[in-house]
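Predicted model only: the values in this text are computed from it and were never measured. Heads up: numbering here begins at 1 and tracks the sequence.
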Amino acid sequence: MFSDLMKALRQLGDPASQRIVVKALGATLICFIVLWILAFLGFSWLGDNLAEWAASGGAGGFWQGIIEFLVSATAVAAVVFVSFILFPAAVALALSFLLDDICEAVETRYYPDLPPARGQPMAEILGDATRLLLVTVGVNILLLPLYLLFLFLPPFNLFLFYGVNGYLLGREYFEVAAVRRLESKQVRALRQTNRWRVFGAGVIVAILLTIPLVNLVMPVVATALMVHVFEGLRRKSAVKAAR
């Protein structure tokens, strides 16, 4: 796994990959800004309406200040929530049109013996990325009460977050790399047979995607990492089958 990660990081120095990284950085930054703005506007609107409701009910002075403080604190928490939990999936959606180029750059450098990959329609690529976004957001919202419960119980909160998102991101990034070479049934079979390796790679992705600044280039690295994981598992499986 460490070797695959190092190769994925070295991919950032490849001239073909650097053009993709520049595009990915732009898309990632835009995605980050949009998420922050939406969170800020959403909770500002909620705060204004809540303040009006409190004022209409006769609350003022001390209680009005308490309400405004709670709304402001909630808004900050919402921005943190968006950045920490929703960012990885949202970026995957934003970069969906670049994922195939990333896989191709990795294969050209490390696996030149491979035949041309199966061409994926853009609708299929966007559909997969959208599914990742919806599933990741939905699961994390459902688990929000547990996140809050474990907020002051580290490392249980981290185990929960990285465990859940490691599974989701590992599965989805693995399928992005694998579906270019195998049919969907074969991809599922290979992933299930090697579920712990895929899960471990997903946890690495989840951790790195939540580190500020590092996460700006991590979608590219995550995709490259999963290409190496997939090729290693696929070739190992082929050797076993040949025996």
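- Connection of Val176 to Ile204 is established within a shared hydrophobic cluster, with ILVMFWY side chains joined at heavy-atom distances below 4.5 Å, either directly or through further cluster members.
- If you chain together hydrophobic residues whose side chains sit under 4.5 Å apart, Phe2 and Leu12 fall into the same group.
- When side chains are defined from C-beta on, Thr193 does not count as touching Ser237, because their heavy atoms never get closer than 4.5 Å.
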(request) Verify side-chain contact (heavy atoms from CB on, under 4.5 Å) between Leu190 and Phe174, making sure each step is shown before the conclusion. (result) CA-CA 10 Å; Leu190 184 63; Phe174 182 80; 3.9 Å; yes

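- Here Asp101 contributes atom CG and Thr223 contributes atom OG1; the two are 11.0 Å apart, rounded to the nearest 0.5 Å.
- Ring pair His228/Tyr110 is perpendicular by interplanar angle, where above 60° counts as perpendicular and below 30° as parallel.
- Here the closest heavy-atom approach between residue Ala177 and residue Cys103 is recorded as CA-SG, 4.3 Å.
- Applying side-chain contact (heavy atoms from CB on, under 4.5 Å) to Ile102 and the options Val221, Val220, Val227 leaves one that passes, Val220.
- Looking at residues two or more places apart in sequence or on another chain, you find no salt bridge (Lys or Arg N to Asp or Glu O under 4.0 Å) involving Glu104.
- Ion pairing between Glu107 and Arg181 holds under the 4.0 Å rule for side-chain N and carboxylate O.
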(request) With side-chain contact (heavy atoms from CB on, under 4.5 Å) as the test, would you mind laying out the steps for Leu208 and Leu5 before giving the verdict? (result) CA-CA 11 Å; Leu208 295 177; Leu5 179 60; 4.2 Å; yes

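- Of all the heavy atoms in Arg171 and Val198, the pair that sits closest is N-CG1, 4.2 Å.
- For Lys7 and Asp14, the salt-bridge test fails: no basic side-chain N is under 4.0 Å from an acidic carboxylate O.
- No continuous path of hydrophobic side-chain contacts links Leu160 to Leu142 [ILVMFWY only; heavy atoms under 4.5 Å].
- Val22 and Leu9 are members of different hydrophobic clusters when ILVMFWY side chains are connected at heavy-atom separations under 4.5 Å.
- Looking at every heavy atom in both residues, Ala201 comes nearest to Leu225 through O-CD2, 4.1 Å.
- Counting heavy atoms from C-beta on, the side chains of Val229 and Tyr173 never come closer than 4.5 Å.
- Criterion: ILVMFWY side-chain heavy atoms under 4.5 Å apart, direct or through other members. Under it, Val106 and Leu233 are not part of a common hydrophobic cluster.
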(request) With salt bridge (charged side-chain N to carboxylate O under 4.0 Å, His left out) as the test, would you mind laying out the steps for Arg10 and Asp4 before giving the verdict? (result) CA-CA 10 Å; Arg10 286 196 294 269; Asp4 290 340; over 6 Å; no

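- Glu175 has no carboxylate O lying under 4.0 Å from a charged side-chain N of Arg188, or vice versa, which leaves the two without a salt bridge.
- Contact record, Gly163 with Phe199: O-CE1, 3.3 Å, taken as the closest heavy-atom pair.
- A 6.0 Å sphere centred on OH of Tyr111 holds more than 12 heavy atoms belonging to other residues, nucleotides or ligands.
- At least one donor-acceptor pair closer than 3.5 Å links the side chain of Arg195 to the backbone N or O of Gln192.
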